[in-house]
There are 2 protein chains.
Amino acid sequence: MDALSSTFAALADPTRRAILARLALGETSVTELTEPFEMSMPAVSKHLKVLERAGLIERGREAQWRPCKLTPQPLAEVSDWVEQYRELWERRLDRLEAYLQKLQADAANKPRRAAKTGAKTSAATRKNKETGHGRHARGKK
Amino acid sequence: MDALSSTFAALADPTRRAILARLALGETSVTELTEPFEMSMPAVSKHLKVLERAGLIERGREAQWRPCKLTPQPLAEVSDWVEQYRELWERRLDRLEAYLQKLQADAANKPRRAAKTGAKTSAATRKNKETGHGRHARGKK
DNA sequence: CGAGTATAAAACCATACGGTTAAATAACCA
DNA sequence: TGGTTATTTAACCGTATGGTTTTATACTCG
């Protein structure tokens, strides 16, 4: 599996995210990591293996302990990936704000009937025209 | 499942990330989404259901088409979550840099063995510093 | 109505996931 | 050596995932 996929997969479990949060405070043992959870130690051990395969933790050896250490570099790659979309969701919020302001302005001017707010269809259609990415632009091939 | 978990789970598949990348360019149909993949349409339909349950896409109705639209707000939550750890991985890089500089200084003084410089700095990290991406400018609701 | 198109749903299959308990390793200590 | 502690491995179980093919649904158009 590619690195990004295994990182996302590793993060898709609240137990594992809690483990990472704990490890952000410092290196610790499996036993200590297990304590907060209502879960057997082998279960935690499996979670640790998932985190390790994703490169999110490293494990040492110190007598009979296998201390876990957070290695956050894959998180930087997650950040890189998601930042690709930042403009998108910020722009969306901007448009929502603009839309709400327009609604408010319209309501102030001519308060007769509320728009059906089917901004769904019309807005989407318009956006497609703008970007030139019509759904069925391509017919059968 | 909690929102963050299902978002991460949805992102843990390269097909679904490719679908998101396509949808970032604009709304489109299931058929068009399927074309780039060596995969049946029901398979893509299932992926879309996963993305929809995670709130990453919305689906319209337009005749027999069910156009898909990216709704990137969950990505903002992913960003918020991962930014918690930014200081951690940047500090780690800082320490690595310091360590490498120290190695270099030591080597200059007493040059006996070469250091294994695996200095892989994240370009995105830099970029973020430059652009001053107001990562956490937005508070939580 | 009936034919065609776009999509979803059903049934199925193999594999992975997240958990369990019980047994095996590995290191320390007396 | 044997006993204790920390952790992993093995075997198992129920459910979810990602894919398939086949069937059903919903809509348009002639």
Side-chain angles (χ1 to χ4, degrees), chain A residues 1-2 4-20 22-23 27-54 56-69 120-121 124-125 128 133-141, chain B residues 1-2 4-20 22-23 27-54 56-69:
Chain A
M1 191 159 36
D2 62 298
L4 205 49
S5 293
S6 49
T7 303
F8 277 129
L11 298 178
D13 185 288
T15 301
R16 289 195 287 266
R17 292 198 302 276
I19 288 174
L20 290 185
R22 169 60 189 83
L23 290 180
E27 212 166 319
T28 190
S29 72
V30 180
T31 305
E32 196 177 342
L33 279 177
T34 302
E35 275 165 16
F37 304 105
E38 298 177 343
M39 184 180 311
S40 67
M41 201 174 315
V44 172
S45 193
K46 283 190 183 182
H47 283 304
L48 293 176
K49 196 182 288 182
V50 173
L51 291 169
E52 191 179 18
R53 277 205 336 250
L56 284 162
I57 67 172
E58 279 178 5
R59 333 202 48 177
R61 240 173 219 274
E62 198 168 322
Q64 63 268 63
W65 294 275
R66 309 288 313 275
C68 297
K69 181 175 55 170
K120 222 173 26 175
T121 52
T125 304
N128 259 324
H133 278 104
R135 321 163 253 321
H136 21 289
R138 65 159 80 258
K140 48 181 87 173
K141 55 182 326 182
Chain B
M1 189 156 43
D2 62 297
L4 205 48
S5 293
S6 49
T7 303
F8 277 129
L11 298 178
D13 185 289
T15 301
R16 288 194 288 265
R17 292 198 303 276
I19 289 175
L20 291 185
R22 168 62 188 81
L23 291 180
E27 209 167 323
T28 190
S29 72
V30 180
T31 305
E32 197 175 341
L33 279 177
T34 302
E35 275 164 16
F37 304 105
E38 297 178 342
M39 187 182 305
S40 67
M41 200 173 317
V44 171
S45 194
K46 283 190 180 181
H47 282 303
L48 293 176
K49 196 182 288 182
V50 173
L51 291 169
E52 191 178 19
R53 277 206 336 249
L56 283 162
I57 67 172
E58 279 177 5
R59 332 201 49 177
R61 242 174 217 271
E62 198 168 326
Q64 64 268 63
W65 292 274
R66 309 290 311 277
C68 297
K69 181 175 57 169

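Chain letters run A, B, ... following the sequence lines, proteins first and then strands; every chain starts at 1. Below, each value reflects all heavy atoms present in this structure, side chains not excepted, and no hydrogens, waters or symmetry copies.
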In whole Å, I'd like the distance from the [atom1] atom of [X] to the [atom2] atom of [N].
X: A/H47; N: C/dC17; atom1: NE2; atom2: C1'; value: 9 Å
X: A/E35; N: D/dT5; atom1: CD; atom2: C1'; value: 14 Å
X: A/R53; N: C/dG18; atom1: CZ; atom2: C1'; value: 13 Å
X: B/R59; N: D/dA26; atom1: CZ; atom2: C1'; value: 14 Å
X: A/L51; N: D/dT8; atom1: CG; atom2: C1'; value: 16 Å

Which atom of [X] lies closest to which atom of [Y], heavy atoms considered:
X: B/I57; Y: B/L48; answer: CD1-O, 3.5 Å
X: B/A12; Y: B/R17; answer: C-NH1, 3.9 Å
X: B/I19; Y: B/F37; answer: CG1-CE1, 4.0 Å
X: A/L11; Y: B/F8; answer: O-CD1, 3.3 Å

> What residues in residues 37-44 of chain A put a non-hydrogen atom under 4.0 Å from any atom of DNA chain D?
Replying inline: A/M41, A/P42
>> Tell me whether the side-chain N/O atoms of A/K46 come closer than 4.0 Å to OP1 or OP2 in D/dT8.
In response: no
> Between D/dT8 and A/S45, is there an OP1 or OP2 to side-chain N/O distance shorter than 4.0 Å?
Replying inline: yes
> Could you give the distance from CZ (A/R59) to CG (A/L51), rounded to the nearest 0.5 Å?
Replying inline: 9.0 Å
> Counting only N and O atoms by type, is there a donor-acceptor contact under 3.5 Å from the side chain of B/R16 to the main-chain atoms of B/A10?
Replying inline: yes
> With no hydrogens and no angle check, is any side-chain donor or acceptor of A/R61 less than 3.5 Å from a backbone partner on A/R66?
Replying inline: no
> Sequence neighbours excluded, which residues qualify as salt bridge (Lys or Arg N to Asp or Glu O under 4.0 Å) partners of A/R22?
Replying inline: A/E32
>> Using a 4.0 Å cut-off on heavy atoms, which residues in residues 7-14 of chain A reach DNA chain C? List them by number, or say none.
In response: A/D13
> Looking at residues 60-68 of chain A, who's got a heavy atom less than 4.0 Å off DNA chain C?
Replying inline: A/R61, A/A63, A/Q64
> Which residue, B/V50 or A/L48, contacts DNA chain D at a nucleotide closer to its 5' end, judged by nearest heavy atom?
Replying inline: A/L48
>> Could you work out, with side chain to side chain contact (heavy atoms under 4.5 Å, CB included) as the rule, every residue matching B/T34, not counting sequence neighbours?
In response: B/V30, B/M41, B/V44
> What residues, two or more places apart in sequence or in another chain, satisfy side-chain hydrogen bond (donor to acceptor under 3.5 Å, both in side chains) together with A/E52?
Replying inline: none
>> Taking the basic N atoms (NZ, or NE/NH1/NH2) and the acidic carboxylate oxygens, is any pair closer than 4.0 Å for A/K46 and A/D13?
In response: no
